[in-house]
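Structure first, then comments.
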Number of protein chains: 2
Amino acid sequence: MSDDPPNDAAAADKISFRDVKAEIRRRIERRIWGPGELVPGEIELAEEFGCARATVNRAMRELTEEGLLDRKRKAGTRVRITPIRQARFEIPLVRAEIESAGANYRYALLSREVLPAPAWLCARLGLTPGAPALHLVCLHSADGAPYQHEDRWINLAALPQAEAADFSTQGPNEWLVEAVPYSEVEISFLASAAPADVAVVLGMEPGEPTFTAERATWWQGQPITQVRLCFAKGYRMTTRY
Amino acid sequence: MSDDPPNDAAAADKISFRDVKAEIRRRIERRIWGPGELVPGEIELAEEFGCARATVNRAMRELTEEGLLDRKRKAGTRVRITPIRQARFEIPLVRAEIESAGANYRYALLSREVLPAPAWLCARLGLTPGAPALHLVCLHSADGAPYQHEDRWINLAALPQAEAADFSTQGPNEWLVEAVPYSEVEISFLASAAPADVAVVLGMEPGEPTFTAERATWWQGQPITQVRLCFAKGYRMTTRY
DNA sequence: GAGTGGTCTAGACCACCCT
DNA sequence: GGGTGGTCTAGACCACTCA
């Protein structure tokens, strides 16, 4: 009862945009504001909550980003009829993914060759036919168990220094992150049948389903690399929202 | 030459947080500010750009969210050593996904039964054993071709009105979005071998790889539904970032 | 045309946390 | 301890778009 400490929820010091956000979210979830319904304007809400309009604005802006609201000038703000469900996945380096699971990471280079880029790769990345490419095949393991098979092509025209790089101890992924960070990426996830060579390495039967990621990367419009990652049996990509 | 229209890029009216964001991003991409490096403080940048600190703040806050920067009070702002690569996927209703591809959507209910929830389901959702559940199997087609097989369980203890709902023309997904919007979701993606019944429906061989999503849903802490979605051959989930 | 959201500003206070 | 980011405020102007 002494003086009130600034820690508990009851202390109504100043309204944060988080408070506003939470309250608005509550009203949507409890259907106080039903789907498709027009919600009060920023000024009105600012008065109700006793805060500045900017505070309400930030709250509603973030809720819009999260797919709960739909805002239009003049028309006002509405609760989305169908909330946009979106999930965010982090795309970690394999090493980080394995180590953060508390397992021991190991990397092995299975093959390396310099070839003219095959036709499908040129089509995929927009390469000039016959451009020199570095083809790498690698295995990433967790606690000694195969975890991910990596089949990578690097455009040597754009990244000639890759030819001199030593990929026997460092994975191409980590090398590339250092050499060409902040690039533009297209990524796909699919289920594929493990080709024989991949299956052998991952300890599966050929044709068994393998969770697969395909990633193509550009840097300032220039094609850099394309990779197919096949995960060992039982892999799942999970998230909450 | 009359008066200057406010349309072209050269018109330097007022600095937007977008401008600041783009410029900072440019400096990071071009390694003017290298990985791990400390970048100037908000006040300094605000002076450089000739704008308010709040403007710089918003720019840097968003770049932090996008995984390019790392901010700590007192320590200042640094370029992330390894940028966090993250991808955002929208989780659309199948119907929307199919129709937005310009195809004709069709829905069919394959089976429906009320059962006590099986043990695995209770474990997954945290249900009391023996709770009544509605089990639905459906098929979603695009232009007459099978697209997605849906195997769903609904917790009737939480959603008794589901038992009376007519799922012969409307998919459970759409019904649930109306009945229980804004719920909490855990979703996984994996590659699985198509079970015989699924394979038949999707026109695949049993055991063939199928891209699979598993989704569990709660509402205010209460388990609502669990679904396994198997996609037809060739499905990919793609995004750019 | 007018109302709503979108953004910028200038100033202020605070919390956190490195040196 | 002090510097940095985090946030709120009050006011202002603008752009879009609906009626």
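The chains referred to below are lettered A, B, ... by the order of the sequence lines, with proteins before strands, and numbering in each begins at 1. In what follows, every heavy atom counts, from backbone to side chain, and hydrogens, waters and symmetry copies are set aside. These numbers come from a predicted model, not from an experiment.
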Within the pair [X] and [N], is there a side-chain N or O less than 4.0 Å away from OP1 or OP2?
X	N	result
A:Ser16	D:dC8	yes
B:Asn57	D:dT7	no
A:Arg58	D:dT7	yes
B:Thr55	C:dT9	yes
B:Arg61	D:dG6	no
A:Arg18	D:dT7	yes

From [atom1] of [X] over to [atom2] of [N], roughly how many Å is that when rounded to an integer?
X	N	atom1	atom2	value
A:Phe17	D:dG5	CZ	C1'	13 Å
B:Arg73	D:dG3	CZ	C1'	12 Å
B:Glu65	D:dG5	CD	P	17 Å
A:Leu38	D:dC18	CG	C1'	12 Å
B:Ile43	D:dG2	CD1	C1'	13 Å
A:Lys21	D:dT7	NZ	P	10 Å
A:Met60	C:dT7	CE	C1'	16 Å
A:Leu69	C:dT4	CG	C1'	14 Å

**Study point:** Donor-acceptor pair between A:Tyr147 and A:Glu97 side chains, under 3.5 angstrom
**Key:** yes

Review point. Is the CH2 atom of B:Trp219 crowded by more than 12 outside heavy atoms at less than 6.0 Å?
Key: no

Review point. If you round to the nearest 0.5 Å, how far is CD of A:Glu214 from CZ of B:Arg236?
Key: 4.0 Å

Practice item. Mind telling me whether A:Phe167 and A:Trp175 have parallel, tilted or perpendicular rings, with 30° and 60° as the class edges? Key: perpendicular

Check your understanding: Between A:Arg85 and B:Arg215, is any pair of side-chain heavy atoms under 4.5 Å apart?
Key -> no

Practice item. Select one nucleotide: of C:dG6, D:dG5, C:dT9, the one nearest the side-chain heavy atoms of A:Glu42. Key: C:dG6

Within the structure shown, what part of the strands sits under 4.0 Å from [X] by heavy-atom distance: base, sugar-phosphate, or nothing?
X	result
A:Arg53	base
B:Ile15	sugar-phosphate
A:Ala54	base

Revision key, fill the gap. Walking DNA chain D from its 5' end, the first of A:Ala75 and B:Gly76 to be reached, judged by nearest nucleotide, is B:Gly76

Exercise for review: By nearest nucleotide on DNA chain D, pick out whichever of A:Cys51 and A:Lys74 is the more 5' one.
Suggested key: A:Cys51

